[in-house]
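Step one of this worksheet: look at the structure below.
We name chains A, B, ... by the order of the sequence lines, and we start the count at 1 in each one.
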Amino acid sequence: MYNVMDSIIKNWSAQIRKGYLDLCILALINAEGKTYGFDIISKLSTLGIEIKEGTLYPLLTKMTKQNLLKAKWDTQNIEGHPRKFYSLTNLGEETLRLMESEYFDMAKKLEAIKAIGGKNE
Amino acid sequence: MNNKKLEVYLTRLEKALGPISASEKAEIIIEIKSHILDSLESSDKTIDKILTGLGEPEQVANKYLIDRGLEPQKTPKHPIVKWITIGFLGTTAILSIILIVLIWKFSPVIQIGKNGIHLLGGAISIGKNEYSLDSGIEIGEDGIRLNGITVKDNKDNLTNIISKNLMEDMFFGKVNKTVDITRLKTSKLILDFSNAYLIIKNSENNKIKYSCKYIGRPSIKEGTTFYFDFKNTNAKCRIFIPKHLNIDISAHNARVILKKLENDMKIAINNAKIEFKEVKANIDVDVNNGKISFIPAQNTPYNYDLSVNTGRVASFKSSNDPKAYKVKMSVKNGMISN
């Protein structure tokens with residue numbers, strides 16, 4: 001029984017996570033102003049959001065290509081190796097705003113659905 | 001040690017990124033490397049754990065490739081799978097080779113039957129009228145022609161001059177016989193060959209001795225005329241004949257070697273190479289497409305009558321001695337050498 005549910009949840013979770021993660025990453029970069037990959041992973045991990053580095057880095061590159069992020073190499077030799085810093089572009093900021101709005105809207109609608117049941121009680 | 005594993009990983013990653021442009025590749029690799037170094041510094045994880053956490057380089061590369069709409073590469077299977085596969089295939093190959101050698105050595109390779117020729121115990125069968133040309137092998141009604149020079153004869157048939165060594169492996173029939181011709185009163189020897197290799201020498205007594213290997217059905221008639229009919233057989237014969245017999249040779253696709261014979265000869269050959277070595281007799285040779293090599297015997301006078309239609313003739317010293325042997329050789333397409 002549990003195995004079946006597990007796999008259903010896992011599947012659903014994976015689907016939801018993808019969009020959610022994109023949002024979280026943009027939000028985090030926005031909050032920090034400017035940050036790099038390893039830091040994103042650490043901070044998300046602290047908040048209980050796990051993302052594999054093998055997933056994050058390609059995603060950051062993709063968002064940069066989509067012009068949501070701009071990347072800059074930090075040549076100021078922090079701890080001896082170069083780092084790629086990301087920050088939001090204007091488009092990125094706009095996209096983040098729309099995503100958040102959509103996300104909260106979805107949460108509200110879910111509440112409304114749950115409330116339907118409540119009305120009938 | 002850390003650095004080596006890191007380098008190996010990054011090299012694989014670079015390779016897996018394949019079609020991506022060099023500058024983008026470089027950025028990706030530096031970023032990943034930077035991440036790994038950060039991981040090493042900030043936690044007590046081992047390099048192995050970090051690399052495992054990242055995933056196979058091919059998998060990481062695939063994500064970059066997919067984002068660009070490029071074909072993801074196949075992830076390599078675990079190396080042990082690769083080695084087991086190589087081992088298995090290698091063993092199979094070796095066993096197959098051994099098996100083929102065993103079959104080749106111990107079973108009849110060629111069988112000639114009424115219905116044609118069967119190779120490898122029936123694995124390959126060739127009917128009477130089928131021909132196949134494959135790297136100089138021609139199989140058909142006339143037998144098997146191997147690896148030779150293909151010549152068109154005057155009937156426009158393509159035939160091969162067989163090379164000696166190959167024939168030795170292919171023979172099927174054998175005959176060895178010594179015949180005393182005194183009783184038979186043989187005075188003449190006729191040899192009718194196609195696809196042949198003949199060595200003819202004199203015997204010391206009044207006996208004809210022959211030793212032949214052949215494919216096909218030769219017939220040897222013994223009488224006042226000894227008639228070797230080796231037409232349509234691929235024969236290799238060594239024949240020893242008494243000195244007084246006249247020889248009449250008709251050969252098609254042949255190589256004939258006549259050594260120190262004292263018999264008068266009349267020879268007509270098509271597509272052939274005939275070698276006279278220190279022959280002391282009157283000879284009349286007619287070659288169509290071929291080569292005559294005549295090595296005179298020492299201190300022996302010969303009177304030459306040579307003609308070559310298309311070809312070359314070496315120079316021979318003709319003698320007007322009445323005791324000289326008359327050597328008449330004519331070649332159409334070919335050469336006479338000494």
Is B:R12 paired with B:E56 through a side-chain N to carboxylate O contact shorter than 4.0 Å?
yes

Assess whether a salt bridge exists between A:R97 and A:E94, defined as any Lys/Arg side-chain N lying under 4.0 Å from an Asp/Glu carboxylate O.
yes

Given heavy-atom pairs under 4.5 angstrom as the criterion, report whether the side chain, backbone, both or neither of A:S42 touches chain B.
neither

Under 4.5 Å from any heavy atom of chain B - which part of A:I41:
side chain

Pairs of heavy atoms under 4.5 Å with chain A: top-ranked of B:A61, B:G55, B:G53:
B:G53

With chain A, which of B:E31, B:E24, B:R68 has the greatest number of heavy-atom pairs at distances under 4.5 Å?
B:E31

Between the side chain of A:T55 and the main-chain N/O of A:I51, is any donor-acceptor distance below 3.5 Å?
no

Backbone of A:V4 reached by a side-chain donor or acceptor of A:S7 within 3.5 Å:
yes

Using heavy-atom distances under 4.5 Å, tell me whether [X] contacts chain A through its side chain, its backbone, both, or neither.
X	value
B:I32	side chain
B:E27	both
B:S42	side chain

Distance to the ring centre below 6.0 angstrom and angle to the axis at most 45 degrees; does that hold for A:K34 and A:F85?
yes

Is the closest side-chain heavy-atom distance between A:I25 and A:L60 below 4.5 Å?
yes

